[in-house]
Every structure is written in C-alpha cells, then in structure tokens.
Number of protein chains: 4
Amino acid sequence: MTYQEVLEKARQQLGPYCKGCAVCNGRACGNRMPGPGAKGVGDTAIRNYDKWAEIRVNMDTLCENFVPDTRCELFGRIFRYPIFAGPVGAVRLHYSDLYTDMTYNEVLVRGCAAEGIAAFTGDGSDPDVMRMATQAIAKAGGIGVPTIKPWNLEVIRDKMDLAKASGCFAMAMDVDAAGLPFLKNMEPPAGSKSVEELRQIVEMAGVPFIVKGVMTVRGAMKAKEAGAAAIIVSNHGGRVLDQCPATAEVLPEIAAALKGSGVKVLVDGGIRSGVDVFKALALGADGVLIARPFVTAAYGGGEEGVRLYIQKLAAELTDTMQMCGTRSLAEIGPDSVWMKK
Amino acid sequence: MTYQEVLEKARQQLGPYCKGCAVCNGRACGNRMPGPGAKGVGDTAIRNYDKWAEIRVNMDTLCENFVPDTRCELFGRIFRYPIFAGPVGAVRLHYSDLYTDMTYNEVLVRGCAAEGIAAFTGDGSDPDVMRMATQAIAKAGGIGVPTIKPWNLEVIRDKMDLAKASGCFAMAMDVDAAGLPFLKNMEPPAGSKSVEELRQIVEMAGVPFIVKGVMTVRGAMKAKEAGAAAIIVSNHGGRVLDQCPATAEVLPEIAAALKGSGVKVLVDGGIRSGVDVFKALALGADGVLIARPFVTAAYGGGEEGVRLYIQKLAAELTDTMQMCGTRSLAEIGPDSVWMKK
Amino acid sequence: MTYQEVLEKARQQLGPYCKGCAVCNGRACGNRMPGPGAKGVGDTAIRNYDKWAEIRVNMDTLCENFVPDTRCELFGRIFRYPIFAGPVGAVRLHYSDLYTDMTYNEVLVRGCAAEGIAAFTGDGSDPDVMRMATQAIAKAGGIGVPTIKPWNLEVIRDKMDLAKASGCFAMAMDVDAAGLPFLKNMEPPAGSKSVEELRQIVEMAGVPFIVKGVMTVRGAMKAKEAGAAAIIVSNHGGRVLDQCPATAEVLPEIAAALKGSGVKVLVDGGIRSGVDVFKALALGADGVLIARPFVTAAYGGGEEGVRLYIQKLAAELTDTMQMCGTRSLAEIGPDSVWMKK
Amino acid sequence: MTYQEVLEKARQQLGPYCKGCAVCNGRACGNRMPGPGAKGVGDTAIRNYDKWAEIRVNMDTLCENFVPDTRCELFGRIFRYPIFAGPVGAVRLHYSDLYTDMTYNEVLVRGCAAEGIAAFTGDGSDPDVMRMATQAIAKAGGIGVPTIKPWNLEVIRDKMDLAKASGCFAMAMDVDAAGLPFLKNMEPPAGSKSVEELRQIVEMAGVPFIVKGVMTVRGAMKAKEAGAAAIIVSNHGGRVLDQCPATAEVLPEIAAALKGSGVKVLVDGGIRSGVDVFKALALGADGVLIARPFVTAAYGGGEEGVRLYIQKLAAELTDTMQMCGTRSLAEIGPDSVWMKK
C-alpha cells in the first residue's frame, strides 16, 4: 500500500462531510459541522493552514553531509519524531460508520506506537470511549496520552482512574472543549477551569499533565502557574470558537514567554507536512500534534495507513532538516525560517 | 420556526435587489441601488464586512466557569445585550412590497423590545413614517430610538414633537444622510449640520441625542462639542458616500478620543454575528447597531424572525464571552482580540 | 442621452481591443497592444486603477451646509473643475474607424471647453494631427493643451509653431513617449530629453510648459530645473514601460518635493470617478488628467458623450466634497483621506 | 521564425507535464514532478515569479538620449548581456523525447554563444551528459559553464577533468541538488558540502568556481570562505525543497553582505523578461540565470529559438534601461526600482 492509495481509499470511506482532500486546508468542509469543518464563518481552520505557508524555510546545504537526528524528548521519554497524533472524538458523527471512537483510538494508538511516536486519544460522553482508549494505551506499554474533556471534577477523577491504570506516560485535557454543547449542557455546566481547579486536576493526574487549547501568553502563564508540564497552542481546529488567530500567529510569543520555564510547548492546527513540523519547531515549539490527516490515514488504510502517513512526515522532516543544515531538533531555530518583515 | 427557516422564507420574500444571502457581506448586491447595495463602485459595504474578519478573538478558557453578563447600560437604561437594530427606510423601494416603512418599523420595534433591546426606527419623506414609528415606540413603552433625517430645522422640530410624544428614551439623527438626493433637493437644501445647528437640535430633543454617521476623530469631537450623548461610528453601509474606510478601521481611534468624555460610542457596518459584536466592544464600542440582517429576519419571519435573530446573536455573544474568559461587557477590551501588527 | 446610454453605444463603436467596460480598470484589455492595454505583462494599468481604491475618503457632514467650489486655477486661468481630458493618439489603430486622430481631438476639445475644462490633444506621425488639433484649440479660444511627442528639436519647433498659432494657454510634452517605437526608429532616434534640451523646449514654447510622464522625485526636480510650469505624474497608462509603480503610489512624495516651488502637479492613471479626483487632490495633486474614459465617452456619444462624462465626474466630485466637509479644492488635504498605515 | 511561433511550436513539442505557458509562472505545472513543477505543495516556483512582480521600475526619461551599454563582465570576460542560460537536466523525463540531455546542452550552448552570452550546462547520472556538454563548450571556445552535481569527491574529480578539457572559463556546482534522490541514494550518500570540502572542490576546479543554491547570508559567507568566485542565489526553482522564500526576497540582503568582497552575485528563479533582469540588477545582482524559458525556446525553435529568446530579453532590457535613464549596468541600482515600504 502506498500513501497515495491510502488517500484514494479514504475518499471512499469518509462520510458526506469530509471530502478526503489531497490537501486538508479547511476549505472544502468550510463552516459545516458536523464534519471536520470549523464553527461560525469557519475561517479559523483555513487560517491555521494558510499561516504556516507564509513561513518559509532557509535552505543551506553548505555543511557536512549528515543524517539528521529527529528524536524528541518529552517528559524523559524519547520519541522518534517531534510529532504526535491529535485526539479526535465522535468519529461516527463526523466521518462515517467505519470506526467507533473506540476502534479509531485503538488503530491510532497502535499505528503511532509502532512508528515510535505517541497518539493522544479522544474522549466522549460514552464512558466506553475512555475505557477502550486507555486499554489500547496499556497494550502499547503506556505510549499514548489519554485526553480528558473538561468535565466536572468527579467525572475527571473517574476518567483519570482509567488513565492511570493504562500506565500512560502523560495525560492531557483540552480545556478549550469548554465550547462544546454537551459540556455546557451538563448539570452543573462543565467547561472552563480556573487556575485553582486546574492545579487540583494536575495533582490528581500523577503523571505529567498537558493543557491543550492555549492561545494567549496570559493563558500560558496560568497553565504554568497551575503546574502543567506542557501546553498545546491550539484553537481546536476552529471547532470551538469562531475567528481565532491561527496557531502559527500566536506560537512565537507564547513560546518566548515559556522559554526556560520547563513547560514544554506543543502546537497543532493546519500542520500537514514535515516541512510544517520543521517550521513549528523553528517558531519555538518542542513538538506538534496533527489530527485530521490521521483520520484520513486511518480511514484509508487502518494501522498501515497511520504508519504510512507517519513515514511520509518523517521523510519530509528529515529531508527539510538536511536541506537546511540542521542536524538535530535543537538546531532548528528562528534562523531556520524566513518571514516577511 | 428556526432561524434557518427564517432565512429560507426571506429569500422568497425579498425583492429582486436583495438576494437574502446566507452571509450578508455586500458582495451579491454590489454597487446596485436601489436595493441594499452601496454607492459608486460599491466596495464600502464589502470592506465593512471584511475588516471585522481580520480581527481575531483571544480564546482563554482557563478561568472559572461562569455565565456571562451581557447587559448593557445606555443613558441609565439597562438592555439585555449591547445590540440595537439599525434604522432602515424606503423598504418597499429597496426590498419588496411585504412591508411599508410603517409596518416594518412596527415589527422591528416590537421584536426588539420583546428581547430586551431597542430598535432605531427609520424616517421618510412621508410624514406617516415617523408618526407610525413613534406610535410603535410608544406602545413599547418608549423602548426605541426615532431616527430623524437631517432635515431643515422646522421639519426636525415637527418630527421631534412626534418623537417626544412617544416617550422614547433617546433620539438619533443620521447626519450622513446628507448625501441622499431627496434631502439635497429640498428648498433650501437640507443636509450637513454645523456644530451650532447640531447644538440646537440636541437641545430641542430633550432626551439623550445620538449622532449617527461619524467616521473621524474630528467629527467625533464636533458631536461632543454640540452635546451629543452618543455617536454611531457609521458610513451608512456605504450608501451615502463611495469608498469610505470600514468602520472597524476607524473605530479604535475614535473610541480612544472619546474615552472618559461621557459620550457613548456605538458602531455599525458589516456586523453580522455575536462574535463581531464582541470584537466591536474590544475595539472600544459601547454597543453596536445591525441593520440589514434585521431586514432579512423581518421579511423571513416577522416579529418572530426578529426575535430569533436576536437570540442567535445573543447565543453567539454569550458563547464568545465564555470562551474568552470575559464575564461582563466591561471585561471585553483590547486584550480580548488579536490583530496583525 | 444618458451616460448609461453613452456606455452602451460605446460598446458597439469600440473596436476589437477595447471592450468598453463598465469600469475601465485595465483587466479586460490586459497586456494586449494595439488597443488600450498596457505593455509587457500589462499590470501597470491595473495597478494604477487598484491603488486609488486603497485610499479611502473621510466622510464628515458635521459642518454648515454648503455648495462646494470646484473651481481650479491653472496658469492664471480658472477652470470649472480640476479635471483635464488626457491626450490620446492613433485612435483608429487602438479603437476603431469611427474617428481619426483629427476628428477625435476636435470632439474632445469642444466637449471639454463647453463644460469649462480643457483637453490635452494628442500628436502623431501625420502632421495633420497637430494641425487639426491646434485648429480645434484655436476655435475653442485657446482652451486646450497641444501635447507634443518628444521628437527631435526641429520637429518640435514646427509643431510648436502650430501650437502658438492656436493661442493655447499652455503646451505639454509626454517625455515618457520615448518608449514608443516610432520615436526610437527616427533618424537620429528621438526620445529622452536632458535638462538642457528640456530647458530649450520650455523656452521655445513661450507659454507655460507641462512635462508629462514624471514618476520620481528625481525626475520632478529635473523638470523644475528645466523651467517646467507643471508636471504630470504619469506612467502613460502602462503603455511605455512594463511594471511601473502606480501613480497613486508615487504622487505623495513627488507632490511633497514640489510643494511651494510654484510648479503645479497634475496626475493621471486609473482615475475614473469624481471620488478618485478628490483622492488625487488629497494626495497633493493640483488637478488630474483622465484619458481612456473620454475615449469611451466620445465613441459612445460624441461631444455630448464627453460633456455627460464631465458632468458625471463633476457631480461625484461635488458630492464627495460635500460629504467630506471640504468647501473648496484648497480644503482637500491629507486629512481628507484615510490610508492603511 | 518569430518568438511567438517558437512558443506555439513548443506547446506541441513539450511533453505532458509542461504546458509551454505564455507566462511561465509555476502555476499550471504546480506541485507535479516529474515535469517542471516544484516539490511539496509547489508554491516556491510560483512565489519566485510573483515576487519579481512586486518590484516596480522607476521610469525617468529626463536625460540625454542614449544607447544603453548592456555588457557584463564576469571573471575578466565580457558578455553581451548579464544573462546566462541555467542548467537543466533529465530533459527526456521532464519534457519530452525531442532532446536528450546531450543534445539539449549542445543546442543551448551554441545558441547562447552565438548571442554573446554563456550557457550553464546540466549534469546527469549518465557520464555521457557531462562528456557531451563539455564537448559543446569546447566547440564554443570555452563559452559555457559545466555545472557539476554535488557528487562525492572522486566523481567530481572525473567530471572536472572533462570540464577542464573543454577550456571552460568557469565551473559551477548546484549544491542545493543535495535534495535530489539519486544523490541521496548513492554509497556513501552524496549531497551537502562543508566549507572544507567546498574549498577542495574550488581548488580542484582551477577556474573561477560558482556555487549555485545559496539562499541565506550565512550560506553566502561560507561560499566566500571556501573561495567561491561567485554564488547564485537560487532555490532550484522550488524543485529541491518545499516552501523556500523567493529569491527576490533574499537577494538584497545577500548582495549587501557580499558587496565589495569580490564574490559575484548571480540570481535565478522566476526571471522571465528583460524587465526582471533589470530588477535583479537593481537589487544587487551582477547577472541572472534563466532556465525554464530556455527549455521552451529550445523545444520550440532549436538554436534559433534560443537566439530569439535572448534577443527578446535583450530588447526588453535595453528598452527598460533607456526608459529608466540607466546608461550601463553599473548605473542600475536601488534607486532604479520602487518597492512598497
């Protein structure tokens, strides 16, 4: 199977909302939800994609020939690439009946672990989603990050118990999911978390805790204050709030604010290729999350599709590092990219 | 009835000029008048819409979960949202026979009052327009703002007598209507108002007076000097002068100039959603006016349509406030939005 | 006859190159020559048009009601508007057989004089062009500007003799026509003029002399040094050199450099409406030239078409001045427009 | 034969990938390879072209009439124009069967030499490519630049022996070809060159050595340190690395960094006309390389096509120099162009 075949198969398997586009840029699915589209006028997903394209890479082949070291350290563990699969939920609603949230998470976790990286698993109203996700992570030796929605504390505690049992090396919470109706409509409404609440959650976790959905320096400082081990600069692909800035636009100042703090900075939103991964690192990220293309890969090729997509990303990242004279991730910095003044 | 149904019905009811577009952005109606289009090359209405989209909102859900307080104070009165329906005139000419200016104003005033906000009513050459608009406002307990064209002083006095009888809490004048032919062709020509003339008009009003159609700091200072209680940053949707800046472009400096003066700043032009309302407040406005989408709502669903559109705006504003960690309108400020430097 | 009818008739009369577009913006005729198109990739005419649209006018109706004074003084003469018809040549080649250069110039001069403005007449290889143009100017009491190509000095002297006999109040030379093949191919090649040569030409003229085709401060200083009474900031509609800046882009710095020098600054290129005229004056011009739309007007309605177009421009300029609170041309300044910083 | 006929013929001769577009701007061939397209998302070739169009030329015909001197000195030799044909390889794969790399190089070298400029010849895995290219250069009296891929040193030495035998006045290496699979897959992998390796290569050459594929000041400094006689600012038309800046964007700072160093600066990427050549010189280049349009010219008209294209470029460059008042290449400087601040 080739990645091209995965894409072709995916186009048949994906439901009416996702078109399985050759380039997943938020344009074909526009402002339509359900489906992969974004909320409101729907231009945030598009902007996420477009803003990476404005950043250009600085080619320099006047250096020794070398094989780039793409390894990434996170919380004491070494991953083969600075790439993580992002959490996705309600796949039957948004994509098609091929997977349930349970089976999607399984395929994703397995495929990523096999390629030396980790998947973030999604969460859902059905408790079985977290149960099966954490079982998959357990089978993968803890290589996976259970991502818990910002429920109320008791629900979080239950989910965390499952997560702990999986031996996962980290847990995450997409606090920006506060905008999703099923959380707002709970009794009492779930959603936003104060620094104090977040601190309790971080402590409850017992493993490094990652706060997903930070878009401002102010938010990053609060996550740090609450004890987060990492943040993910993310606008949830434009699905929780209309008309956010692109993550590439806010990443540099957030990364600068956290520099030297020990808090790791991940980023997602519109990252599609290994060149984009390189750019994100140049802008200060320690690693990236990619979500939608993994859906396409899983629907088009199952675990093999997931692996093929990771191999493609890895080849692109390696090639870009070689062509830019950067031997290791640490050498990728502001000088590695060119931006219009 | 859903708002979606209102839109669909509106598409059948609106005349040949207005297409009842899903997104009302000035593109389909272009430079055509009559109809909702703009004057000259017709790009001012388009620019009004587009420039709000360039302002992005700063998501931050790291805060206590809260129910936002969307209440807005204007001239001692509390409105449920910082949103007002804008004045519209000559609806038979521009839209279709479904309404006269009289019946349109009635529906608008009633629908707005029922949702806790106020409508600005339009004016016309036919004296019945103001008579029936003020009657509608009287029935709504004075919750409505009669908007008087910049006639000559005697005509204004007559219209104001009707307005006063309605118990309205404020009056307005769209001084930028000076560009409309029926005013220019009067004997003597009506139109622009000097500070001294405006001062007389303000005094005549006896209630807080709102000057609509200010696009410069210079104009704002003159309105203040004349005793205006509020201004509306507005280019009349591009209908009175070709190729103005967008209101979103000039709002920040005008709001800054009036800060602390006691003069309230409202804004209109291309505001379509609750996210846009949020952005306007972040840029310094105390509230917004929305005009064309209320036409669509009234033509598609009458009073119920008007209410459904207000509920939609309210839901979007509330959601945005929650997702940006702003508890009340006072907390929405420059930090709440992101703009390209 | 209405201006709309002129446009419709023009579409039938204009040859295969010009489409008689509703908005003449250089797009439909692109890089094609002959015809009204521009040289090379052909984007200079488009850029000329587009850059005016980026400048926005500052509406302000808080002032006394007034009738704007649109009168413009040039070389001691008063014109009704700061608008001149630009010189056009080889109309049979570029447009159609309806006119010869001789008859086109006649219609243009008559129509402009009747509306209180002056036309610049074109020149050609055929000596009859200048002969008949200057006869038309003579009939109009000298209200017209014979525009001489940058021939060699002897030819210029001959043409000037005809011009002098017409009693014209000024003469012009489009020095940027140096790029046209029929001048380059002369023996010796005609074209560019040194300051010293230009000084001789200015002296020969005996009336105020206007240098057309200045695009830099450096060029403006040389024209001044040579004794020019006025310059025209112009790139010849993109027809003599590929990929120039738009005239609106270089006008402000050129006007600033000549301020207080006594040398008048005119501008052409993409000016289509009275709002554009207003913008040009705000950027420092003393007046404007408009060329292509006068072709359309003359082909569509003869002298009456020319007059209707002038009346349209006048109405738009008057309206814009009223809506921006500018009583006279002198009051139109940098504060009258808004530009993105 | 006219250049227009060359273009028409080329459209029939070029294979399925190249469309022989009237304007070769990277859009029609997009991200497709093989063919002339670019790597990855494929926007680098497009950006190369587009960025030249943002630079505008400063027309000034107020100067003596003159015939521009377009002669360019490189390494003690005088060329008629500051234009070189760029190296192209694998023409059967990318274009069609009309030429082999051997016959293409021959036609190119002959056509260029006949017009007083030099061609850079391509390289390939088949040793015959370099053998025949250098034979063609020998026949042209050494007027041609053998361009060697960044092989391992032994292979380079073999190729250089052929090059030396040709009497070529200079040699080049496209070090950015390091990104091409056939080099990466060698044993040991060929590709990037350290300063020390490059120094050896430069010394081996024995003639002035040109480093092609420099996109940063850092890279330029390394080339200088290694003893390069010239660099070519180039991103290989976007074919070796996805999403580089345009060469026009990085040229000014690289040229400034090498100013006065004695290292010549050439540039390629999207240069299509004599106006573009003029702009490149204004931005600091000593000369330019043009590649794809020479393919079109050779496929459409053989040696005559190549000559016609050079004559077209020469006419455009000469015309632009005349219209901008620049007598010689040395007079083309930053003042010769206008760029948006």
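All chains are named by letter (A, B, ...) in the order of the sequence lines, taking the proteins before the strands, and each is independently numbered beginning at 1.
Chain D forms the most heavy-atom pairs under 4.5 Å with one residue out of C/Gly219, C/Pro150, C/Ala178, C/Pro245, and that residue is C/Pro245. The greatest number of non-hydrogen atom pairs below 4.5 Å with chain D, out of C/Asn235, C/Val240, C/Val250, is found for C/Val240. Of the listed residues (C/Leu198, C/Val214, C/Asp43), the one with the most heavy-atom contacts under 4.5 Å to chain D is C/Asp43.
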**Request:** Take D/Met323 and C/Asp242, measure what side chain to side chain contact (heavy atoms under 4.5 Å, CB included) needs, and give me the verdict at the end.
**Result:** CA-CA 10 Å; D/Met323 292 302 292; C/Asp242 193 18; over 6 Å; no
Quick one: side chains of residues 220-229 of chain C, donor-acceptor pairs under 3.5 Å with protein atoms, not counting sequence neighbours, listed by atom name and distance.
| residue | atom | partner | partner atom | Å |
| --- | --- | --- | --- | --- |
| C/Lys222 | NZ | D/Asp60 | OD2 | 2.7 |
| C/Lys222 | NZ | D/Leu62 | O | 2.7 |

Return all side-chain donor-acceptor pairs below 3.5 angstrom for residues 333-341 of chain D, not counting sequence neighbours, or 'none' if the list is empty.
| residue | atom | partner | partner atom | Å |
| --- | --- | --- | --- | --- |
| D/Ser336 | OG | D/Gly333 | N | 3.0 |
| D/Ser336 | OG | D/Gly333 | O | 3.2 |

Scan the side chains in residues 274-286 of chain D for donor-acceptor partners under 3.5 Å anywhere in the protein, sequence neighbours excluded, and list what turns up.
| residue | atom | partner | partner atom | Å |
| --- | --- | --- | --- | --- |
| D/Asp276 | OD2 | D/Arg272 | N | 2.9 |
| D/Asp276 | OD2 | D/Ser273 | N | 3.3 |
| D/Lys279 | NZ | C/Gln243 | OE1 | 2.2 |
| D/Lys279 | NZ | D/Trp52 | O | 2.8 |
| D/Lys279 | NZ | D/Ile55 | O | 2.8 |
| D/Asp286 | OD2 | D/Val265 | N | 2.8 |

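More than 12 heavy atoms of other residues, nucleotides or ligands lie within 6.0 Å of CZ in D/Arg80, so this atom counts as buried by the packing criterion. In this structure, D/Glu73 places its CD atom where more than 12 heavy-atom neighbours from other residues, nucleotides or ligands lie under 6.0 Å away.
A distance of 7.5 Å separates CD in C/Glu249 from CZ in D/Arg56, rounded to the nearest 0.5 Å.
Annotation: residues 181-197 of chain C contacts chain D through C/Lys184, C/Pro189, C/Ala190, C/Gly191, C/Ser192, C/Lys193, C/Ser194, C/Glu197 [non-hydrogen atoms, separation under 4.5 Å].
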